[in-house]
Amino acid sequence: AQKITQTQPGMFVQEKEAVTLDCTYDTSDQSYGLFWYKQPSSGEMIFLIYQGSYDEQNATEGRYSLNFQKARKSANLVISASQLGDSAMYFCAMRAINTGFQKLVFGTGTRLLVSP
Amino acid sequence: KAGVTQTPRYLIKTRGQQVTLSCSPISGHRSVSWYQQTPGQGLQFLFEYFSETQRNKGNFPGRFSGRQFSNSRSEMNVSTLELGDSALYLCASSLARGTAQETQYFGPGTRLLVL
């Protein structure tokens, strides 16, 4: 079974500062993928960044980077230079790769509020 | 390229009724998955369809069903609605080519309120 834990219900950051959103996971799968999604109040889930379990480099996508520590089973999202539009819910999710199935297991999410 | 579309966006039903939600995936995507999001249970996987076949199912009662058509469009149906079925229902599509990074792209969701 897979489990994602996000221990920060809410985070507060000032505009232009960096923020780290925590994610730890548990799985017996050897091959898995980790995803971060952003959900604004409109409800749509927006894909941000992906990290594969066998990727040696930490993933980066623009202002988003993933601090992947496999031994600690953590995949924290770092948002640099926060913007007001970054205020949203952020979800960490995992998928087992070997099955071929697309099922994502999500954490409970972190609400990020960016202030001017 | 158009994103995932879901219809209707909002729906109000009463207990005991049934409802059908529709999802059109991104062009070329073969897999469609459905998720239920509630404040209490969070995001939970309902089922996945690939090539018109359900190939994975979450832990939901048989009142929840779905199907996929030959053009990859998908519908999900909930019969005998209960108050607890009130939720945001999200549809996601992916290419499902069997590669490691199979990113799922989500639609805007359908907000269902059961009275």
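Owing to the predicted nature of the structure, the values given are computational and were not obtained by experimental measurement. Numbered from 1 within each chain, the chains take letters A, B, ... in sequence-line order. For the numbers below, each heavy atom of this structure counts, side chains included, while hydrogens, waters and symmetry mates do not.
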*Go through the atoms of Phe47(A) and report whether side chain, backbone, both or neither lie under 4.5 Å from a heavy atom of chain B.*
side chain
_So for Leu104(A), is it side chain, backbone, both, or neither that comes closer than 4.5 Å to the heavy atoms of chain B?_
both
*Between CD on residue Glu102(B) and OH on residue Tyr50(A), distance to nearest 0.5 Å*: 9.0 Å
*Output the distance between atom CG (Leu43(B)) and atom CD1 (Ile4(A)), rounded to the nearest 0.5 Å.*
12.0 Å
*Is the count of non-hydrogen atoms from other residues, nucleotides or ligands lying under 6.0 Å from Arg63(A) atom CZ greater than 12?*
yes
*Would the number of heavy atoms belonging to other residues, nucleotides or ligands and lying under 6.0 Å from NZ of Lys70(A) be above 12?*
yes
*So how far is it from Gln104(B) CD to Lys103(A) NZ, rounded to the nearest 0.5 Å?*
11.5 Å
_Single-linkage hydrophobic cluster, 4.5 Å side-chain cutoff, Leu90(B) and Met94(A) together_ = no
*Is it true that Leu81(B) and Leu83(B) fall in one hydrophobic cluster, defined by side-chain heavy atoms closer than 4.5 Å?*
yes
*Are the side chains of Phe45(B) and Val105(A) in touch, meaning some heavy atoms are under 4.5 Å apart?*
no
*Can you tell me how far CD of Gln102(A) sits from CZ of Phe50(B), rounded to the nearest 0.5 angstrom?*
8.5 Å
_Neighbour count above 12 (heavy atom, 6.0 Å) for Arg63(B) CZ_ = yes
*In the single-linkage hydrophobic clustering (I, L, V, M, F, W, Y; side-chain heavy atoms under 4.5 Å), do Met11(A) and Tyr90(A) co-cluster?*
yes
*Side chains of Leu88(B) and Gln39(A): closer than 4.5 Å at any heavy-atom pair?*
yes
*In terms of heavy-atom proximity below 4.5 Å to chain A, should Glu48(B) be classed as side chain, backbone, both, or neither?*
side chain
*Can you tell which part of Ser42(A) gets under 4.5 Å to a heavy atom of chain B, answering side chain, backbone, both or neither?*
backbone
*Following the transitive rule for hydrophobic clusters with a side-chain heavy-atom cut-off under 4.5 Å over Ile, Leu, Val, Met, Phe, Trp and Tyr, establish whether Tyr105(B) and Leu48(A) coincide in one cluster.*
no
*Hey, could you give me the CZ/OG1 distance between Phe35(A) and Thr103(B), rounded to the nearest 0.5 Å?*
5.0 Å
*Can Phe106(A) and Tyr35(B) be said to form a ring-ring contact (aromatic ring centres under 6.0 Å, His included), step by step?*
CA-CA 10 Å; Phe106(A) 286 89; Tyr35(B) 295 83; 5.6 Å; yes
*asked:* Would you say NZ of Lys3(A) has more than 12 non-hydrogen atoms from neighbouring residues, nucleotides or ligands within 6.0 angstrom?
replied: no
_Proximity breakdown for Gln37(B) and chain A, heavy-atom pairs closer than 4.5 Å_ = side chain
*Please look at Phe91(A) and chain B and tell me whether the side chain, the backbone, both or neither of the residue comes under 4.5 angstrom of a heavy atom of that chain.*
side chain
*Should the heavy atoms of other residues, nucleotides or ligands under 6.0 Å from CG of Asn59(B) be counted, would the total exceed 12?*
no
*Which residue out of Pro108(B), Gly109(B), Gly42(B), Ser33(B) racks up the most heavy-atom pairs below 4.5 Å with chain A?*
Pro108(B)
*Does Ile46(A) share a hydrophobic cluster with Leu84(A), counting links as ILVMFWY side-chain heavy atoms below 4.5 Å and allowing steps through other members?*
no
*Working to the nearest 0.5 Å, report the span between CZ of Phe106(B) and OH of Tyr37(A).*
5.0 Å
